Each structure stands twice: as structure tokens, then as C-alpha cells.
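Have a look at the structure below before the remarks.
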Amino acid sequence: MKALIFPTSDELARYAAASFVTRAASAIDARGRFSVALSGGSTPRIIFRQLADEAFARRVNWGAVHIFWSDERCVPPDHPDSNFRLARESLLSPLGVAESNIHRIEGELPPAEAAARYDARLRAFFGDAPPSFDLIHLGLGEDGHTASLFPGTAALAETEPKVVANDAPQLGATRITFTAPLINAARAVEFFVTGSAKARILREVLTGDDPKYRYPSQMIRPRPGTLAWLVTADAATQLPPELIRHA
Ligand code: 6PG
């Protein structure tokens with residue numbers, strides 16, 4: 001799996017925004033709507049900023065775009081740690097995306113209830129078909145986690161495409177997260193990795209051939225969907241040349 005390398009995070013973000021525009025147009029043309037699950041953390045902010053820019057935003061039929069999240073913290077929607085709040089502030093409110101197109105994980109509820117309600121929401125949205133998102137954005141944690149699939153946590157053993165509450169002792173918190181099978185059912189998955197602090201884990205994840213998936217992010221292998229790693233140069237410094245493709 002080669003990583004696509006960008007000199008700066010702005011260039012990565014512009015590429016991600018262009019990918020969103022293209023995938024949205026293709027999905028809406030084929031199926032009348034575009035379903036995307038956003039990631040949390042801090043990296044998405046740079047992508048939301050680009051996507052909210054007129055240069056990209058005007059090329060998206062936002063009325064046919066349905067926004068979900070691949071994970072959420074167990075906090076209210078206005079909490080500083082809320083992944084929803086990040087997207088609302090940086091993307092959804094500036095663009096005036098309709099409430100009916102925004103499918104928030106109810107982090108303010110008891111975790112098991114929030115997970116069950118979101119799982120039901122996915123099934124209502126996708127109907128009888130297995131939930132298959134057109135696009136899922138993911139980040140990579142320094143411990144190799146993605147979404148809220150943390151090393152050593154129960155959600156890693158889930159074999160069904162679903163939404164679960166996942167206790168993460170390393171955080172001292174519970175998170176709501178997509179399982180790996182749900183992520184792997186997507187038509188396209190894009191990882192965004194920036195910053196020198198991620199260089200080691202990125203090398204470990206992309207070079208690791210341990211069939212036992214040493215890191216949760218190694219479990220992300222969409223089929224027949226596509227997988228892309230969008231990486232800034234400062235996060236790619238430890239990658240072997242054969243895993244590098246320059247944007
Ligand atoms: C979250 C994210 C999490 C994130 C990684 C990387 O809710 O925090 O889903 O998986 O993507 O921790 O975060 P950064 O991109 O901010 O480094």
C-alpha cells in the first residue's frame with residue numbers, strides 16, 4: 001500500500017477536498033445521494049476549511065450529501081471534544097447544510113444507547129442493503145488506532161458491520177465507533193496523516209506484515225472498496241521508498 005505524499009498539509013487538504021467533490025458527484029449521479037463518514041481529531045479541520053472554501057463548496061450538491069461520523073466522544077454536541085462540533089463549526093454551519101442531512105452520534109446519551117440508536121439510524125438510512133458508505137475519512141493515532149478502535153479494546157473483536165460503544169482504558173473513557181467490518185464495507189476509505197509525530201507509527205502500520213494486525217488501523221482493508229493514505233512529507237520521513245508515491 002503506497003502512501004500519497006504531499007509537501008504540506010494545505011496541499012493534502014486540497015487533494016482531499018477535490019476527492020470529496022469528485023466522489024460526491026459520482027455517487028449522486030449513480031445513486032442520488034452521497035454518504036460520507038467524517039473523522040474526528042484535529043487533522044480534519046484543515047480539510048473542512050478547504051471544503052468550505054467556495055472553490056470546492058460550490059461544486060457539491062450539499063442537499064444530496066449525508067454526513068455521518070465514524071466515531072464520537074461520549075460528550076454533548078457543544079463540548080470542545082465533540083467531533084460533531086468540529087465539523088459543525090468548520091464546515092456544516094458555514095455551508096448551511098440542512099439538519100436533515102446531518103446524522104450526529106448522540107454522544108450525550110449513555111454509550112450503549114448512543115451506539116444502538118446510531119446503528120439503527122444507519123440501518124434506516126441504508127435500508128435492507130448492508131451499510132456501505134461512499135466515503136469514510138479516517139485518522140491515525142500514535143498508538144495505531146483509527147476511529148475509536150484502540151489497541152487491546154473489545155471493539156477489535158467485532159465481526160459485524162455495526163456501531164458499538166467501546167471502552168478505552170488507555171483514555172479512561174468510552175467512545176462510540178464504527179467496527180472495522182463497517183469501515184471495510186465502504187466504497188472508499190481515505191486516511192489523513194500529518195506531522196512528524198506520526199512518522200514512526202505510519203512506518204509500522206504500512207510495513208507491518210503481521211497477519212494478526214498488530215495495530216487496529218491495519219484492520220482497515222476495504223474490499224471491494226478502495227483505500228488511500230494521504231500523508232504529509234513530515235509524517236513520511238520513515239517510510240521506505242517503495243511505499244512512497246509523490247502527489
Ligand atoms: C478521534 C478520531 C481519531 C483520530 C486520530 C488522529 O475521535 O479522535 O477519530 O481516530 O482520527 O486520533 O487524530 P489527529 O488527526 O488529530 O492526529
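Just so we're clear, the structure is a prediction, and the values are computed from it rather than from any experiment. Just so you know, ligand 1 is whichever comes first in the structure, and atom 1 is the first atom listed for that ligand.
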Checklist entry - Under 4.5 Å between any side-chain heavy atoms of Asp71 and Asn83, yes or no? => result yes
Checklist entry - Are any of the heavy atoms in Glu142 under 4.0 Å away from ligand 1? => result no
Checklist entry - Can you tell if the side chain of Ser70 reaches within under 4.5 Å of the side chain of His137, non-hydrogen atoms only? => result no
Item to check | Closest candidate by heavy atom, reference atom 3 (C) of ligand 1, pool Ala197, Ala147, Pro216, Gly139 | outcome: Ala147
Checklist entry - Quick one: does Gln170's side chain get under 4.5 Å of Pro151's, heavy atoms only? => result yes
Checklist outcome for this item: Check: of Arg73, His145, His137, min heavy-atom distance to atom 12 (O) of ligand 1 comes from His145
Next on the checklist: Out of all atoms in ligand 1, which are within 4.0 Å of some heavy atom of Ser39? Include the element for each.
Outcome noted: 9 (O), 11 (O)
Next on the checklist: Tell me if the CZ atom of Phe68 is crowded by more than 12 foreign heavy atoms within 6.0 Å.
Outcome noted: yes
Checklist entry - Nearest protein heavy-atom contact for atom 17 (O) of ligand 1: which residue, which atom, what distance? => result Lys198 NZ, 2.5 Å
Item to check | Asp71: numbered ligand 1 atoms lying under 4.0 Å from its heavy atoms | outcome: 1 (C), 2 (C), 7 (O), 9 (O)
Next on the checklist: Angle between ring planes, Phe84 versus Trp69, binned at 30° and 60°: parallel, tilted or perpendicular?
Outcome noted: perpendicular
Item to check | Residue and atom name of the nearest protein heavy atom (relative to atom 13 (O) of ligand 1), distance in Å to one decimal | outcome: Gly41 CA, 4.0 Å
Item to check | Contact atoms of ligand 1, heavy-atom distance to Asn83 under 4.0 Å | outcome: 7 (O)
Item to check | Identity and separation of the nearest protein heavy atom to atom 14 (P) of ligand 1 | outcome: Thr43 OG1, 3.5 Å
Next on the checklist: For Trp62 and Phe20, I'd like to know if the aromatic rings sit close, meaning centre-to-centre distance below 6.0 Å.
Outcome noted: yes
Checklist outcome for this item: If you scan protein heavy atoms around atom 4 (C) of ligand 1, the nearest is Gly40 O, 4.0 Å
Checklist outcome for this item: The atoms of ligand 1 lying under 4.0 Å from a heavy atom of Leu140, numbered in the order shown, are 6 (C)
Checklist entry - Can Arg175 be said to touch ligand 1, with heavy atoms closer than 4.0 Å? => result yes
Checklist entry - Would you say the side chain of Tyr118 lies within less than 4.5 Å of the side chain of Glu106, judging by non-hydrogen atoms? => result no
Next on the checklist: Under a 3.5 Å distance rule, please check whether Ser93 uses its side chain to pair with a backbone N or O of Arg88 as donor and acceptor.
Outcome noted: yes
